[in-house]
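Read through the structure below, which is laid out as structure tokens, and then see the notes.
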Amino acid sequence: MIDINTVKSKIESVGFLDVDIDVSIDIFAEIEKLKKEKNAIVLAHYYQEPDIQDVADFIGDSLGLAQQAEKTQADIIVFAGVHFMAETAKILNPGKKVLLPDLKAGCSLSDSAPPELFKKFKEKYPDHLVITYINCSAGMKALSDIICTSSNAEKIIESLPKEQKIIFAPDKNLGAYLNKKTGRNMVLWNGACMVHEIFSLEKITKLKIRHPKAKIIAHPECEEAVLTVADYIGSTTGLLKYSQQSDATEFIVVTETGILHQMQKNSPHKTFIPAPPNNSCACNDCPHMKLNTLEKLYLCMKYELPEIIMDEQLRLAAKKPIDRMLEISKQYGL
Ligand code: 13P
Ligand code: SF4
């Protein structure tokens with residue numbers, strides 16, 4: 001064991017514990033042992049690397065993960081995802097320890113909405129209600145009336161009277177898609193996800209010509225032009241379910257590549273083709289999600305650091321709109 005002050009100073013400088021792990025240890029077995037010893041649960045998002053998904057107790061989309069975090073009896077929640085997800089778990093569980101393998105695992109979409117700027121923007125629309133996508137900071141949540149995710153956004157909007165004026169933040173692509181679906185005219189904040197904006201309509205169209213029977217399935221964070229060619233649009237859980245239930249055997253998957261692991265596991269006889277980005281980079285891998293590794297996950301469980309710590313006043317203000325989301329989702333059986 002390294003002394004705790006060294007652990008803390010390493011985390012302060014790089015966001016995680018960058019020490020070598022004895023190569024002879026079985027990390028998978030050690031993680032299982034730590035889970036039992038510490039009554040810890042590992043929650044993972046579908047965009048995590050396959051090894052992390054395989055050690056997780058629950059894998060899900062943002063709504064599923066928040067719901068699991070709300071109901072868990074574990075003492076420690078190890079969140080294999082990005083910062084806003086772990087922060088949401090902490091907001092719902094002030095008495096539990098919430099760990100994030102790499103504290104620097106952020107989100108470009110969340111970063112596109114700084115609370116100070118949003119507060120000024122919101123002041124221009126005093127009669128509007130604020131619906132905010134869960135991909136945002138606690139500061140943004142505290143300025144919101146209801147939080148939503150890609151799997152419940154439509155239902156949440158439709159639960160409000162038609163004449164209700166709404167600001168939707170921070171994702172302009174998801175907001176535009178929802179405006180179209182619900183016939184509303186929500187005011188949109190100009191934010192976006194760097195991963196979902198990178199897909200190339202031209203390359204997807206060429207792929208479709210080569211695989212004419214393939215279904216194009218896309219996440220609603222993608223740009224409108226890409227969504228117009230999609231056969232199905234949904235959250236990561238929605239995309240996964242569709243790929244299982246559809247009679248099609250080939251799919252062009254327009255979202256972060258991590259989801260392909262579960263798709264392939266659940267439907268081994270089907271073919272999943274990751275949609276290409278608009279240049280030759282691997283930009284359809286989220287650089288934030290992929291900061292977490294199995295080694296960092298093991299170390300954070302062993303040392304119980306990095307931990308999410310929150311100001312209590314901010315936590316309480318951010319909890320209100322999350323509670324509203326969870327309540328509405330329950331009403332609709334989501
Ligand atoms: P969902 O898993 O809720 O669809 O969200 C996708 C995403 O981009 C998470 O960062
Ligand atoms: Fe954020 Fe996009 Fe990465 Fe999701 S995929 S964590 S929205 S940057």
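Whatever order the structure lists ligands and atoms in, that order sets their numbers, starting from 1. Here the structure is a predicted model, which is why all the values come from computation and not from measurement.
To the nearest 0.5 Å, the span separating CG on Leu43 from CG on Leu99 amounts to 11.0 Å. Rounded to the nearest 0.5 Å, atoms SG (Cys136) and CG (Asp111) are 11.5 Å apart.
Residue Tyr47 touches ligand 1 through its side chain alone, judged by heavy-atom distances below 4.0 Å. Of all the heavy atoms of Thr149, none lies under 4.0 Å from any atom of ligand 1, so neither backbone nor side chain is involved.
Checking only distances, Thr236 does come within under 3.5 Å of ligand 1, N or O to N or O.
For Gln68 (side chain) and Phe58 (main-chain N/O), no donor-acceptor pair under 3.5 Å exists by modelled atom type. The backbone N or O of Ile59 lies less than 3.5 Å from no partner atom in the side chain of Gln48, so there is not a single donor-acceptor pair. Side chain of Glu223 to backbone of Ala225: no donor-acceptor contact under 3.5 angstrom is found. Checked by atom type and distance alone, the side chain of Lys90 never pairs as donor or acceptor with a backbone atom of Arg315 at under 3.5 Å. Put simply, the side chain of Glu304 never gets that close to the backbone of Val98: no donor and acceptor are under 3.5 Å apart.
Taking distances strictly below 2.8 Å, the protein N/O/S atoms close to atom 1 (Fe) of ligand 2 are Cys107 SG.
Remark: minimum distance from atom 8 (O) of ligand 1 to any protein heavy atom is reached at Glu221 OE2, 3.0 Å. Closest to atom 3 (O) of ligand 1 among all protein heavy atoms lies Ser62 OG, 2.8 Å. Annotation: atom 4 (O) of ligand 1 to nearest protein heavy atom, His219 NE2, 2.7 Å. Atom 10 (O) of ligand 1 has Asn135 ND2, 3.3 Å as its closest protein atom, hydrogens excluded (heavy atom only).
Under the 4.0 angstrom criterion for non-hydrogen atoms, His45 is not in contact with ligand 2. At least one heavy atom of Ser150 sits under 4.0 Å from some atom of ligand 1. The shortest separation from a heavy atom of Met85 to ligand 1 is under 4.0 Å, placing the residue in contact.
Counting only residues at least two apart or on different chains, the ring-ring contact (aromatic ring centres under 6.0 Å, His included) pairs with a member in residues 222-255 are Tyr232-Tyr242, Phe251-Phe272. Counting only residues at least two apart or in different chains, ring-ring contact (aromatic ring centres under 6.0 Å, His included) contacts with residues 16-57 comprise His45-Tyr47.
Near Ser235, the atoms of ligand 1 lying under 4.0 angstrom from a non-hydrogen atom of the residue are 4 (O).
Residues satisfying the disulfide bond (SG atoms under 2.5 Å apart) test with Cys107, not counting sequence neighbours, are none.
Residues Ile198 and Met194 form no side-chain contact, since every pair of their non-hydrogen atoms from C-beta on lies 4.5 Å or further apart.
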